[in-house]
Structures are given as structure tokens and as C-alpha cells.
Amino acid sequence: MSTWNGLIDSGYRRWLPVTPGTPSVSLNEGNTPLLRSAHLSALTGCEVWLKVEGANPTGSFKDRGMTVAISRAAQAGAELAVCASTGNTSASAAAYAARAGLTAAVLVPRGRVALAKLGQAVRYGARVVEIDGTFDDCLRVARELADHHPIALVNSVGNELRLAGQRTVAYEIVDALGDAPDIHCLPVGNGGNITATWGGYRVYQQEGLSTRSPRMWGFQAAGAAPLVHGAPVAEPETAASAIRIGSPATWDGALDARDRSGGLIAAVTDAQIFEAYELVARRDGVFAEPASAAGIAGLLDQHARGNLPPGQRIVITLSGNGLKDQDASLRGGYTATETSAATSDVAHALGLAA
Ligand SMILES: *Cc1c(COP(=O)(O)O)cnc(C)c1O
């Protein structure tokens, strides 16, 4: 039996910007489940796979980049790792910093982060700075801090290490399926992940490890869709907080991935996102956070518009874990039957014959 020891030590060291002297700061991230979705395959007439990134150690794909960024920060002797975050980057930075014995400082937009993500950052021991403003303000401040102080900025902007780590998702998919899919769907916020995923497919094709690269289909929430409109959105609004970003830092990379792959970046409404969020939990048993469902919502939307040829092999990134957003999971309430503790009452409530 072989043991998985994370992206640097087990999987993809040769593709990562690390040297023999780089310590591996790892929580055994990566190697996430790739599940075939019978339901989505039947709905679309395609072969649909789900890459369950919520299975990463802190519950999102951010861990793929963070193992590289924090390993290199540790190697460089940094003491303070700083990031701006809509939640998941802060949880990941805080965890990997804790593992490395560094301090993490996370800048988050006050009142706009899912509480469980904040709870992660707090428990991992990060210094939490709540800023009166949007994510975009937090990122501006983080970059300005990095310009003037000796800190390690671990946002994906200006940190190619994060994107290099995030490329590994494409390597895992090709290694599992034997070649690249026809289409790769994913949510788009800051634009880093579509850029990195596309980059990973390109590396594998150039190295002869796959014969092709997929069309990249990225989806933004309709109230936070600057890449779709072609202009920043001053007040981005969506209940999918992980993609509530008005001014994507990796703007050019995202458009490049779209155009060079012959893909698209389109908008989906919050109603479509929540429908997909409920669908994938109920039909596939995968609990993903709302932002994560944007890729599914987008795929179904393109199918409804007649833009999806049948028979395609499709991979959808489910970017984060549903446990991170309790507001979303119990939104609209839930139904439960209350009974006494008598077995007969419970049997009756379940409609079981006496
Ligand atoms: C960060 C994040 C995204 C958006 O990824 P970008 O690289 O910012 O485009 C989507 N979903 C989840 C769960 C995330 O944490």
C-alpha cells in the first residue's frame, strides 16, 4: 500500500517551483475524488465527472496552491504570511502557516465571509483583520502592505507559486482519465483557478502526457460577473460569497484561458447556482458550497441553450466543501418530523406499518 503525502512529496514535485532545499509544508492536500455523476450525465447526454475539491484538508482547492506558497515562504525565512480572502484562502493560509510555525494575517471584508471559514482562520491561529470594504479593497491593501513591508503575500496575484500549485488539479484529472476531457467547467471569482487549471492542461499536453486540452467553461455569478461584462463591478452581489469579486486580479489569465481553449465565461443567476447546489447534494451525495455549484449551473444552462454537443467528456470542479456555509445549507428552513422517543411513534412518523 502506498501512502499519499501531499502534492510536493507524493505527486507532482517535478512540476512545482520547489528546490531540493524547499521544506514540504503539507497537510496531504490533493489526490481528491473524481466521481462520475450518473445524474448529470443522463441530463446532458454527456459523460460528466465531478472533481471534489472540498475534500482537501481545509475544504477547498486553495490548499493546492498554499502548500507551495507557504513551503517557499518558510524556505525564505518569512515570519508573516498575509492574504486577502473571501474566506477559503484565509482558512488555507492560516492552516499551512500554523503547520510551518509562521504567523498568518488574513484580511477579510467585514460581515461578508461565511462564518465557518472565519472560524477556521481563528482556530488555526491567524490574526484576523476585518476591513470595512469589499474583497477587492482587501486585496489592494494586501498588495500595498507587501510593497512596503517584509511579508510573504500568499494571494494568487503576484504569487505564481499559488497558481503553479493549483495546476496540479489538471494533472490529477489527466492521470485518472488517461487524457484531458473535452470540456472543463468551473466557477470563476478572482480568475486564478481557471488560469491555473488551463495552465496545467497545457503543461501536460506540451510534455506529451495528454493528446489535447479541454475547452474551459468558466462561470461567474450574475451579480458579480465583471469578466462577462468586460468591466469591473463596483458592488458585486451574490450569495455565493467565494466568487463575490468585482475586480478579478487574474483578469488577463482568465480571458486567455477562455480564448486559447475555445471556451467561454458566462453568468449564472443565484437561483441557478442554488438549484445546482441542491441537485448535486441530493443526486450525487456531494455537498459543495454554493460558489462551487456555479460550474454545474453553467453546464446545465449551456445545455438548455443548445450549446452542448452530446457525448462530450466533461469535468466540473466543485471548488469547496458545503460544510463551510451553514447559512446556505439551511436557507429557507428545513422540514423535520417531531415525535416522542417511543419507537412506535417514530415508526408511525416514517409511515412504517405497525
Ligand atoms: C476561491 C474560490 C473560487 C474562485 O476561484 P478563483 O481562483 O478566485 O477564480 C471558487 N469557489 C471556491 C469555493 C473558492 O474558494
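When a ligand or atom number is given, it counts from 1 through the structure's own listing order. Keep in mind the model is a prediction, meaning the values are calculated, not measured. The figures here come from the full heavy-atom set of this structure, side chains too, leaving out hydrogens, waters and symmetry mates.
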Residue selection (non-hydrogen contact nearest atom 8 (O) of ligand 1) among Asn190, Asn88, Ile194: Asn190
Proximal atoms of ligand 1 relative to Gly191 (non-hydrogen, under 4.0 Å): 6 (P), 8 (O), 9 (O)
Distance-only polar pair, side chains of Thr58 and Asp63, donor-acceptor under 3.5 Å: yes
More than 12 heavy atoms of other groups within 6.0 Å of His39 NE2: yes
Element-labelled atoms of ligand 1 that are located less than 4.0 Å from some non-hydrogen atom of Gly192: 6 (P), 7 (O), 9 (O)
Distance from atom 12 (C) of ligand 1 to nearest protein heavy atom, with residue and atom: Ser319 OG, 3.2 Å
Ligand-residue contact atoms, ligand 1 with Val188, heavy atoms, under 4.0 Å: 9 (O)
Sidechain-backbone polar pair: Asp325 side chain, Gly322 backbone, donor-acceptor under 3.5 Å: no
Numbered atoms of ligand 1 (with element) below 4.0 Å of Lys62, judged on heavy atoms: 1 (C), 2 (C), 3 (C), 14 (C), 15 (O)
Side chains of Thr19 and Gln75, donor plus acceptor under 3.5 Å: yes
Side-chain donor-acceptor contact under 3.5 Å, Ser329 with Gln326: yes
Protein residue, atom and distance nearest to atom 5 (O) of ligand 1, heavy-atom basis: Phe61 CZ, 3.4 Å
Ligand 1 to Gln166 polar contact by distance, N or O atoms, under 3.5 Å: no
N/O donor-acceptor pair under 3.5 Å between Gln220 side chain and Leu227 backbone: yes
Ligand 1 contact on Ile243 by region, counting heavy-atom pairs under 4.0 Å: side chain
Between Gln205 and Ser210: side-chain donor-acceptor atoms closer than 3.5 Å: no
Residues Asp301 and Gln272: side-chain donor-acceptor under 3.5 angstrom: yes
Atom 7 (O) of ligand 1: the protein heavy-atom neighbour that sits closest, reported with distance to 0.1 Å: Asn193 N, 2.8 Å
Proximal ligand 1 atoms for Gly320, defined as those under 4.0 Å from one of its heavy atoms: 13 (C)
